[in-house]
Amino acid sequence: MADYAGALSSKVNRVHRSTYLPSMTNIATVIYEDTESVDAVVVDPELTHQLDGLEKLEGTYPFTLEKSHKTYRFNLFLRNLSNPSYRERFLSSKEALMTECQLTEEEKDMIRELRWIEMIQYGAIFFGLEKLSAVMGRSNPEIYASMRGETMEQFQASRKVSMTYSVGKK
């Protein structure tokens with residue numbers, strides 16, 4: 001294993017890898033599994049002190065390793081909406097697809113009701129929310145307005161320039 005393996009032992013299996021280029025920044029995921037025991041990871045406070053108290057900042061929802069692990073399946077579901085055949089399945093049989101993808105009832109409800117801010121708080125990656133919004137015919141500013149608890153008119157009035165854009169056709 002290369003030096004970048006960090007806290008992993010020298011004997012690992014790669015159990016998953018994916019890459020996705022939604023715009024200008026690539027999103028890559030790789031999951032390794034140790035095949036031998038390793039010592040517990042000790043977090044060095046000298047390296048993490050800049051994050052202390054971050055969760056107390058209003059409107060900040062840290063995306064931690066724990067959250068990433070918990071929401072992997074949910075984020076993969078959202079990311080897959082960039083696939084045309086997956087989108088068609090979503091639009092024609094959303095409930096069946098969400099069940100097939102093993103989404104929890106909480107996750108299904110957030111998607112059904114387009115509860116954008118709750119999805120971010122839960123650990124959704126915004127690029128995934130853009131895919132969902134495009135499939136649902138919503139623009140990015142509509143997501144932002146909803147996250148702020150505003151109508152589109154209220155949100156647009158707070159902007160220097162009123163605009164509507166999306167990763168979809170809108």
Side-chain angles (χ1 to χ4, degrees), residues 16 18-29 31 43 45 47-170:
H16 174 81
S18 65
T19 184
Y20 173 60
L21 185 61
S23 59
M24 297 300 293
T25 304
N26 187 54
I27 297 173
T29 303
I31 300 172
V43 177
L47 301 176
T48 61
H49 73 279
Q50 292 178 349
L51 301 176
D52 291 344
L54 183 64
E55 69 283 351
K56 295 176 186 171
L57 291 174
E58 185 179 345
T60 301
Y61 312 103
F63 189 74
T64 62
L65 286 174
E66 294 79 16
K67 196 171 275 192
S68 173
H69 183 264
K70 172 187 161 190
T71 61
Y72 174 76
R73 192 181 6 72
F74 185 69
N75 280 307
L76 180 61
F77 179 87
L78 295 172
R79 188 196 91 175
N80 284 338
L81 290 171
S82 63
N83 178 309
S85 62
Y86 195 89
R87 277 195 306 274
E88 288 304 317
R89 287 189 62 209
F90 177 81
L91 291 170
S92 66
S93 53
K94 181 187 326 178
E95 294 300 319
L97 183 60
M98 291 192 296
T99 298
E100 178 185 317
C101 293
Q102 300 177 348
L103 297 189
T104 66
E105 282 306 311
E106 176 185 16
E107 293 165 341
K108 290 176 185 180
D109 284 344
M110 286 187 288
I111 290 171
R112 287 177 192 122
E113 299 165 21
L114 299 178
R115 296 189 328 232
W116 305 110
I117 192 65
E118 287 181 37
M119 287 188 263
I120 286 289
Q121 292 165 339
Y122 184 74
I125 297 170
F126 188 78
F127 289 123
L129 296 187
E130 282 187 312
K131 304 304 173 260
L132 178 59
S133 70
V135 171
M136 300 305 293
R138 306 289 171 87
S139 68
N140 284 33
E142 287 176 276
I143 297 173
Y144 310 146
S146 174
M147 287 183 176
R148 290 172 53 165
E150 298 175 345
T151 65
M152 264 298 278
E153 293 75 25
Q154 291 169 321
F155 177 78
Q156 292 289 17
S158 72
R159 311 285 92 194
K160 289 184 180 181
V161 175
S162 178
M163 68 173 73
T164 302
Y165 58 93
S166 169
V167 296
K169 295 178 182 178
K170 198 169 187 180

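Not measured: the values here are computed from a predicted model.
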Show the nearest heavy-atom pair for residues L129 and M119, with the distance to one decimal.
CD2-SD, 3.6 Å
Heavy-atom closest pair, residues F90 and M136:
CE2-SD, 3.6 Å
Does any part of the side chain of R115, heavy atoms only, come nearer than 4.5 Å to the side chain of Y122, both counted from C-beta?
no
Can you name the residues that form a side-chain contact (heavy atoms from CB on, under 4.5 Å) with S18, not counting sequence neighbours?
H16, T29, R79
Are Y86 and F77, when compared by the centres of their aromatic rings, separated by less than 6.0 Å?
yes
Count the heavy atoms of every other residue, nucleotide or ligand shown that sit under 6.0 Å from CD of E95, and state whether that count exceeds 12.
yes
Look up atom CD1 in I31 and atom OH in Y72, then write down how far apart they are to the nearest 0.5 Å.
5.0 Å
CE of M147 to CD1 of I120, rounded to nearest 0.5 Å, is 4.0 Å
side-chain contact (heavy atoms from CB on, under 4.5 Å) partners for N140, two or more places apart
F126, E130, S133, Y144, Y165, S166
To the nearest 0.5 angstrom, please state how far the CG atom of L132 sits from the CE atom of M110.
11.0 Å
Do we see a donor-acceptor contact under 3.5 Å between the side chains of S139 and E142?
yes
Could you check whether any side-chain heavy atom of Y61 comes within less than 4.5 Å of a side-chain heavy atom of L54, counting everything from C-beta outward?
no
To the closest 0.5 Å, what do you measure between CG (L81) and CZ (R89)?
11.5 Å
Rounded distance [0.5 Å steps], CD in E113 versus NZ in K108:
13.5 Å
Distance-only, no hydrogens or angles: does the T99 side chain make a donor-acceptor pair with backbone N or O of A96 under 3.5 Å?
no
Can any side-chain N or O of R87 pair as donor or acceptor with the backbone N or O of S82 at less than 3.5 Å?
yes
Under the rule for side-chain contact (heavy atoms from CB on, under 4.5 Å), what residues qualify as partners of K67, not counting sequence neighbours?
F63, T64, T71
Would you call E107-R73 a salt bridge at under 4.0 Å N-O?
yes
Quick one: are L78 and K131 in side-chain contact, heavy atoms under 4.5 Å?
no
Answer yes when E105 and R112 have at least one side-chain N-carboxylate O distance shorter than 4.0 Å, and no when they do not.
yes
Counting N and O atoms only, with roles assigned by atom type, does the side chain of Q154 sit under 3.5 Å from a partner on the main chain of T151, one being a donor and the other an acceptor?
yes
Once you round to the nearest 0.5 Å, how far does CD1 of I143 lie from CH2 of W116?
4.5 Å
Could you check if a side-chain atom of R138 sits within less than 4.5 angstrom of a side-chain atom of S146, using non-hydrogen atoms only?
no
